[in-house]
Amino acid sequence: MRRISQIIAAIFILVFVYTAISKLLSMDAFIKVLHQSALLSRFAGWVGWGLPFVELVVSALLVFPETRKAGLLISLGLMVLFTAYIGWMIVYEPKLPCSCGGVIRYMSWRTHLVFNSVLIVLAITGIRTIPKGVS
């Protein structure tokens, strides 16, 4: 069971580090797209710089067994928020490009919704497979 949570943590590390670096490397374009979103335009600068930072911090939490559960719980929270945002985008702004990093930005909103839903299931599975007594 411990191996399952390690594999899931590694998947999240890969996703978060990859998307954080992609956002940081194209920060101007990332913030520009955030400014186009009615939901996030007022917070584009904060989200633009804050999100990659949070993704990297969560990735660091996922590396260590002592903080992995916290990292998976935060990963679950982030994925739920990201999925809710995608749902909102599908309903209200389906033509707006994705502001995600890397190849994920080339997914359709619906494909991204499925991708995030799979990550939610993985986060829940990872949390449930951490041995009892481990934080």
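- Note that the CD1 atom of I11 and the CG atom of L62 stand 11.0 Å from one another [nearest 0.5 Å].
- Atom CG of L73 is separated from atom CD1 of I130 by 7.5 Å, given to the nearest 0.5 angstrom.
- V121 and L81 fall into different hydrophobic clusters, where Ile, Leu, Val, Met, Phe, Trp and Tyr are joined by side-chain heavy atoms under 4.5 Å apart, directly or via other members.
- Taking both residues in full, the closest heavy atoms of E93 and A38 are given as OE2-N, 3.0 Å, listed atom of the first, atom of the second, then distance.
- Under the 4.5 Å side-chain heavy-atom criterion for grouping Ile, Leu, Val, Met, Phe, Trp and Tyr, M27 is connected to L40 within one hydrophobic cluster.
- Pairs of residues two or more places apart, or lying in two chains, that qualify as salt bridge (charged side-chain N to carboxylate O under 4.0 Å, His left out) and include a residue from residues 42-59 are K23-E55.
- In the hydrophobic clustering of ILVMFWY residues, with side-chain heavy atoms under 4.5 Å counting as a link, V57 and L14 come out apart.
- Looking at T129 and R2, their side chains never come closer than 4.5 Å, going by heavy atoms from C-beta outward.
- Using cut-offs of 30° and 60° for the angle between ring planes, the F16 and F12 rings count as tilted.
- Using a 4.5 Å cut-off between side-chain heavy atoms of Ile, Leu, Val, Met, Phe, Trp and Tyr, with links allowed through other members, L39 and M89 fall into the same hydrophobic cluster.
- Here CG of L56 is found 11.5 Å from CG of L61. Values are rounded to the nearest 0.5 Å.
- Sequence neighbours left out, not one pair with a member in residues 7-22 passes salt bridge (charged side-chain N to carboxylate O under 4.0 Å, His left out).
- For the atom pair L122 CG and N116 CG, the distance stands at 11.5 Å (nearest 0.5 Å).
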* Asked: Going through the checks in order, is the side chain to side chain contact (heavy atoms under 4.5 Å, CB included) test met by H112 and F82?
  -> CA-CA 10 Å; H112 202 151; F82 295 161; over 6 Å; no
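- Between L119 and L76, every side-chain heavy-atom pair lies at or beyond the 4.5 Å cut-off.
- Under 3.5 Å, the side chains of T111 and S108 contain a donor-acceptor pair of N or O atoms.
- Rounding to the nearest 0.5 angstrom, the gap separating the CG atom in L24 from the CH2 atom in W49 is 6.5 Å.
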* Please lay out, stage by stage, how R3 and Q6 fare under the test side chain to side chain contact (heavy atoms under 4.5 Å, CB included). => CA-CA 5 Å; R3 178 67 76 198; Q6 290 171 336; 3.1 Å; yes
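- Considering every non-hydrogen atom in both W109 and I86, the closest pair reads O-CG2, 3.4 Å.
- The nearest pair of heavy atoms linking A20 to P52 is CB-O, 3.7 Å.
- A single hydrophobic cluster is seen to contain both L113 and V118, as judged by linkage of ILVMFWY side chains at heavy-atom distances under 4.5 Å, directly or through other members.
- Atom CH2 of W46 is separated from atom CZ of F53 by 12.0 Å, given to the nearest 0.5 angstrom.
- A donor-acceptor pair under 3.5 Å is absent between the side-chain atoms of S37 and the main chain of V33, judged by distance alone.
- With hydrogens and angles ignored, the 3.5 Å screen pairs no side-chain donor or acceptor of S5 with any backbone N or O of G126.
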